[in-house]
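Below, each value reflects all heavy atoms present in this structure, side chains not excepted, and no hydrogens, waters or symmetry copies. In this text, all values refer to a predicted model and were calculated from it rather than measured experimentally.
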Amino acid sequence: MSVIIKLPEYVNKIMTDLESKGFEVFAVGGAVRDCLLKKEPDDWDLCTSATPDEMINALKNYTTIPTGLKHGTISVKSDNHFIEVTTYRSDGEYSDCRHPNNIKFVKCIEEDLKRRDFTINAFAYNQKGDFIDLFNGREDLENKVIRCVGIPDKRFKEDALRIIRALRFAAVLDFNIESKTEQALFENINLLNEVSAERILVELKKIILSGNSAVIQKYKSIFEYILGVTLIDEDISMISQLPKDISMGFAALFYSVDPMQTAKIFKHLKMDNKSIAEIKMYLSLKGQCSYLKKSECKRFINRYGAGMVNKCIDFLSVAYRNSNKEWEETRKIINSIIENKECCSVNELDICGTDIKNMGYGGRDIGDILNFLLNAVIEEEVINSKEELINYIKQHKICKM
Ligand code: ATP
Ligand code: MG
């Protein structure tokens, strides 16, 4: 069956320029796969018979960045899109389970396609409409199958990142992993130790964002190996019910994991501080009672911030499914507090530190008084107006230091 793929204009331009100089050029990899799946590709990769020097020369009119010259890759800017263009190459022997010891530029696309990881990632398509599918990737795509190009055991031993990539494609595309490929995954699990934490984290994030709990459950032992902890099926199943959010997803995965171990995982994966803080925030919600009085809602907003509080409730209503209705009630109260701009934090009090200073207070008393007032406003013991607040301080005869 013939294949017709609409190449975007900014991709066509580069292809036309390379072809007009007599070079072959094909769109390859994920973009072709996504087009066949009728999905919008994130990025386009091209593959050409031109050597890097020839590419740079043929594409003089573009901004080019030698992103991976050693491997024959340059990034070309076309209409504000960056496209990776790589010389046809084959990979030499691998000795570190990750990078080929050497690469060799080769003459034909077929040679290049052999180095690619999975059959569904090894298509090539050019402007003439030639579609190359050496490994029956089309059939695998139709049958929703992830299958290594070549002998799985060998391919995972060459580059162990492919193990977690296989899981990622299975999760994101919701495909099954073919049995020999699957067997080799399990047999080579220990090689994941050779893969950098950064690369593992990138793939893990994509897996979590896919929301595909079934794949994580199916390959739980591999994830447990990577993370060095025992995972619980109920926690994993939360991932598919939560909104697609990386921090929420990680918090679900680590829901039952001991906090000390979670801290170790963060370090091991070299997770950034912002994500760690967010994941910890979701984990801190554990044990939160579902029915909140209005004043408790205000404290909840104060603690988690108006911007995050709805996400917290999303998390809680999945974590405590049986009290989902109560959470939705709480959500309504919280949103009406936010909408009415009711005071939930010291900054929103109609009085500031200077006002209190002017009343003769100083040092730590100022902060303490502000918190005292906030508490009174939240409990609706006093109205949030400057005059009332000043009277309230006077009434309570707070001693000066
Ligand atoms: P995505 O949708 O995430 O961009 P992709 O398939 O395009 O998926 P990339 O990481 O962008 O993945 O890689 C582009 C192509 O390069 C792949 O489709 C595959 O053909 C090849 N490739 C990438 N990483 C490897 C690897 N570790 N081993 C073999 N081939 C790889
Ligand atoms: Mg890609």
Side-chain angles (χ1 to χ4, degrees), residues 201 204-213 216 227 229 231-267 269 271-349 370-371 374-375 377-380 384:
L201 185 59
L204 267 184
K205 284 183 177 171
K206 291 184 183 176
I207 292 168
I208 291 204
L209 268 189
S210 77
N212 197 329
S213 297
I216 307 177
L227 301 167
V229 286
L231 299 172
I232 310 290
D233 280 347
E234 287 75 36
D235 297 349
I236 298 174
S237 79
M238 274 166 65
I239 295 174
S240 60
Q241 299 155 49
L242 288 166
K244 295 209 161 58
D245 177 286
I246 294 174
S247 301
M248 253 193 237
F250 271 116
L253 194 64
F254 301 151
Y255 197 69
S256 306
V257 174
D258 173 75
M260 293 273 276
Q261 277 190 311
T262 316
K264 266 194 204 155
I265 300 173
F266 291 148
K267 204 165 162 210
L269 290 177
M271 189 101 75
D272 64 285
N273 289 335
K274 187 170 173 268
S275 308
I276 295 177
E278 255 187 54
I279 298 168
K280 281 190 176 165
M281 181 205 72
Y282 289 119
L283 289 172
S284 75
L285 295 166
K286 241 175 120 167
Q288 173 71 50
C289 149
S290 60
Y291 177 74
L292 298 185
K293 286 192 304 202
K294 189 170 178 193
S295 58
E296 289 166 332
C297 286
K298 289 183 182 174
R299 291 186 210 287
F300 196 71
I301 299 170
N302 183 12
R303 175 153 185 212
Y304 295 103
M308 287 309 279
V309 79
N310 267 298
K311 286 175 118 186
C312 290
I313 294 181
D314 290 341
F315 186 79
L316 283 161
S317 49
V318 172
Y320 297 99
R321 235 160 306 162
N322 38 13
S323 47
N324 199 354
K325 243 170 121 185
E326 288 163 36
W327 279 117
E328 289 316 311
E329 276 308 305
T330 301
R331 192 197 293 277
K332 273 190 208 144
I333 303 175
I334 284 182
N335 284 331
S336 91
I337 294 171
I338 296 174
E339 250 167 59
N340 296 331
K341 299 197 168 63
E342 291 185 49
C343 172
C344 302
S345 70
V346 162
N347 296 339
E348 291 162 307
L349 284 172
L370 286 170
N371 281 321
L374 175 65
N375 190 49
V377 170
I378 284 179
E379 295 296 343
E380 297 182 356
N384 184 24

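Between I276 and M271, the shortest heavy-atom contact is CD1-O, 3.6 Å. What you find for A252 and I239 is that their closest heavy atoms are CB-CG1, 3.9 Å. Nearest heavy-atom pair, C344 versus I378, reported as atom, atom and distance to 0.1 Å: O-CD1, 4.1 Å. The shortest non-hydrogen separation linking S345 to N302 is CB-OD1, 3.9 Å. Residues L269 and L201 approach most closely at O-CD2, 3.5 Å, considering heavy atoms.
Remark: D235 pairs with no residue by the salt bridge (charged side-chain N to carboxylate O under 4.0 Å, His left out) rule, at least two apart or across chains. For S247, the side chain to side chain donor-acceptor pair (under 3.5 Å) test picks out E278, with sequence neighbours left out. S317 pairs by the side chain to side chain donor-acceptor pair (under 3.5 Å) definition with nothing, not counting sequence neighbours. Listed by chain and number, the residues in a side chain to side chain donor-acceptor pair (under 3.5 Å) with S275 are D272 (sequence neighbours excluded). By the salt bridge (charged side-chain N to carboxylate O under 4.0 Å, His left out) test, E348 is found to be paired with no residue, residues two or more places apart in sequence or in another chain being considered. Contacts of R321 classified as salt bridge (charged side-chain N to carboxylate O under 4.0 Å, His left out), with partners at least two apart in sequence or in another chain: none. By the side chain to side chain donor-acceptor pair (under 3.5 Å) test, E380 pairs with no residue at all, sequence neighbours left out. For N340, the side-chain contact (heavy atoms from CB on, under 4.5 Å) partners at least two apart in sequence or on another chain are S336, E342. Among residues two or more places apart in sequence or in another chain, the salt bridge (charged side-chain N to carboxylate O under 4.0 Å, His left out) test is passed with E234 by none.
Here the straight-line distance linking atom SG of C343 with atom CG of L349 works out to 4.5 Å at 0.5 Å rounding. Atoms CG and CG, from N335 and N310 in turn, are 4.5 Å apart once rounded to the nearest 0.5 Å. Note that NZ of K280 and CZ of F266 are 6.5 Å apart. Values are rounded to the nearest 0.5 Å. Considering CD of E339 and NZ of K341, their distance stands at 9.0 Å, rounded to 0.5 Å. One distance of note links NZ of K298 with CD1 of I333; it measures 11.0 Å at 0.5 Å rounding. The CD1 atom of I208 sits 12.5 Å away from the CE atom of M248 when rounded to the nearest 0.5 Å.
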Which side-chain N or O atoms in residues 281-289 pair as donor and acceptor under 3.5 Å with protein atoms at least two apart or in another chain?
residue, atom, partner, partner atom, Å
S284, OG, M281, O, 2.6
S284, OG, Y304, OH, 3.1
K286, NZ, Y255, O, 2.7

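Under the salt bridge (charged side-chain N to carboxylate O under 4.0 Å, His left out) criterion, the residue pairs touching residues 236-249 are D245-K311, with sequence neighbours excluded. Residue pairs meeting the salt bridge (charged side-chain N to carboxylate O under 4.0 Å, His left out) criterion with at least one member in residues 250-259, sequence neighbours excluded, do not occur.
Looking at heavy atoms from C-beta onward, L227 lies in side-chain contact with L253 at the 4.5 angstrom threshold. Taking 4.5 Å as the limit, some side-chain heavy atom of K205 sits within range of a side-chain heavy atom of F250.
Looking at L292, V309, L316 one by one, the single match for side-chain contact (heavy atoms from CB on, under 4.5 Å) with T330 turns out to be L292.
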### Trace of the side chain to side chain contact (heavy atoms under 4.5 Å, CB included) decision for F315 with M238
CA-CA 9 Å; F315 186 79; M238 274 166 65; 3.9 Å; yes
### Message
Go through it in stages, so that I can follow the logic: the residues are I334 and I338, the test is side chain to side chain contact (heavy atoms under 4.5 Å, CB included), and I'd like the CA-CA distance, side-chain angles, deciding distance and then a yes or no.
### Response
CA-CA 6 Å; I334 284 182; I338 296 174; 3.9 Å; yes
### Task
Go through the steps to decide whether Y291 and E329 satisfy the test side chain to side chain contact (heavy atoms under 4.5 Å, CB included), and finish with yes or no.
CA-CA 8 Å; Y291 177 74; E329 276 308 305; over 6 Å; no
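Salt bridge K325/E328: absent, no basic N to carboxylate O contact under 4.0 Å. The pair R299-E296 does not count as a salt bridge, with every side-chain nitrogen at least 4.0 angstrom from each carboxylate oxygen.
S240 contributes no side-chain N or O that, together with a main-chain N or O of S213, makes up a donor-acceptor pair within less than 3.5 Å.
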